[in-house]
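Below is one structure; the comments refer to it alone.
Just so we're clear, the structure is a prediction, and the values are computed from it rather than from any experiment. Note: hydrogens, waters and symmetry copies are ignored here, and every other heavy atom, side chains too, is used.
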Amino acid sequence: MDRVTKLAGQRAVVIFSMSSCCMCHTVMRLFRELGVNPTVVELDEDPRGKEMEKALARLLGRNPAVPAVFIGGRLVGSTDKVMSLHLSGNLIPLLRNAGALWV
């Protein structure tokens, strides 16, 4: 859990992902199209990935635990929460407040 918290707080937007997860790719693409350059932690490519995946599953209360999106060091959630924020117009202000967007 400490590793997840530490990584999540290092950048404005951090996405915990699996390289083969299509929903992870969808969320990353959304952020990139908005002009955000998220830090992506590929759990299946990290030696401590399984440990972080278990911690994220506990945080999210669901499995699979990816994608897990953190903005400004705070857990936003998975794809459904990110898309809901985007469609309601609340994602851009959240990204601005975290310093991920300047426009």
Side-chain angles (χ1 to χ4, degrees):
M1 182 68 91
D2 292 337
R3 179 141 171 86
V4 168
T5 307
K6 182 180 177 185
L7 289 170
Q10 290 180 340
R11 302 277 188 239
V13 178
V14 178
I15 302 171
F16 290 88
S17 173
M18 293 279 197
S19 59
S20 61
C21 171
C22 64
M23 296 311 287
C24 296
H25 290 283
T26 301
V27 168
M28 287 185 281
R29 183 175 179 149
L30 170 65
F31 282 110
R32 288 185 179 121
E33 287 181 0
L34 292 173
V36 174
N37 186 23
T39 296
V40 178
V41 179
E42 297 287 0
L43 297 177
D44 54 337
E45 296 174 3
D46 189 296
R48 294 177 62 191
K50 287 288 184 197
E51 175 187 327
M52 289 188 286
E53 186 177 6
K54 289 177 186 173
L56 288 166
R58 285 192 302 273
L59 271 175
L60 289 166
R62 58 171 267 176
N63 203 3
V66 293
V69 178
F70 289 78
I71 298 175
R74 297 182 63 193
L75 176 65
V76 170
S78 194
T79 309
D80 54 343
K81 183 63 177 173
V82 171
M83 293 303 180
S84 176
L85 286 168
H86 182 53
L87 293 172
S88 67
N90 293 315
L91 183 59
I92 299 292
L94 192 59
L95 292 167
R96 283 189 186 128
N97 289 338
L101 283 177
W102 292 271
V103 179

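Checking each of Met23, Glu45, His25, Glu42 against Ser17 for a side-chain contact (heavy atoms from CB on, under 4.5 Å) leaves exactly one that passes, namely Glu42. Among Thr26, Ile15, Leu91, Leu94, the single residue meeting the side-chain contact (heavy atoms from CB on, under 4.5 Å) criterion with Val82 is Leu91. Residue Phe31 is tested with Leu95, Val40, Leu101 for a side-chain contact (heavy atoms from CB on, under 4.5 Å); the sole match is Leu95.
Cluster annotation: Val69 and Ile92 are assigned to the same hydrophobic cluster (Ile/Leu/Val/Met/Phe/Trp/Tyr, side-chain heavy-atom contacts under 4.5 Å, transitive). Taking hydrophobic clusters as Ile, Leu, Val, Met, Phe, Trp and Tyr residues chained together by side-chain heavy-atom distances below 4.5 Å, Leu85 shares a cluster with Met28.
Atom CG in Leu43 sits 9.0 Å away from atom NZ in Lys50 (nearest 0.5 Å). Taking CG from Leu60 and NZ from Lys81, the interatomic distance works out to 12.0 Å, rounded to the nearest 0.5 Å. In this structure, the separation between CG on Asn97 and CD1 on Ile71 is 10.5 Å, given to the nearest 0.5 Å. One distance of note links CZ of Phe16 with CG of Leu7; it measures 5.0 Å at 0.5 Å rounding. Atom NE2 of His86 and atom CG of Leu30 lie 5.0 Å apart (nearest 0.5 Å). We find the CZ-OG1 distance between Phe70 and Thr5 to be 7.0 Å, quoted to the nearest 0.5 Å.
Counting only distance, with no hydrogens or angles, the side chain of Asp44 and the backbone of Ser19 share a donor-acceptor pair below 3.5 Å. Checking side-chain atoms of Ser84 against main-chain N and O of Asp80 turns up no donor-acceptor pair under 3.5 Å.
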| task | Please lay out, stage by stage, how Val41 and Arg3 fare under the test side-chain contact (heavy atoms from CB on, under 4.5 Å). | result | CA-CA 11 Å; Val41 179; Arg3 179 141 171 86; over 6 Å; no
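Closest non-hydrogen pair, Ala65 versus Asn63, comes out as N-OD1, 3.6 Å. Across Ala12 and Ala100, no two heavy atoms sit closer than the pair CB-CB, 3.8 Å. Heavy-atom minimum distance, Val14 versus Ala8: CG2-O, 3.7 Å.
With sequence neighbours excluded, the residues that form a side-chain hydrogen bond (donor to acceptor under 3.5 Å, both in side chains) with Ser78 are Arg62.
Between Asn37 and Arg11 there is no side-chain heavy-atom pair separated by less than 4.5 Å.
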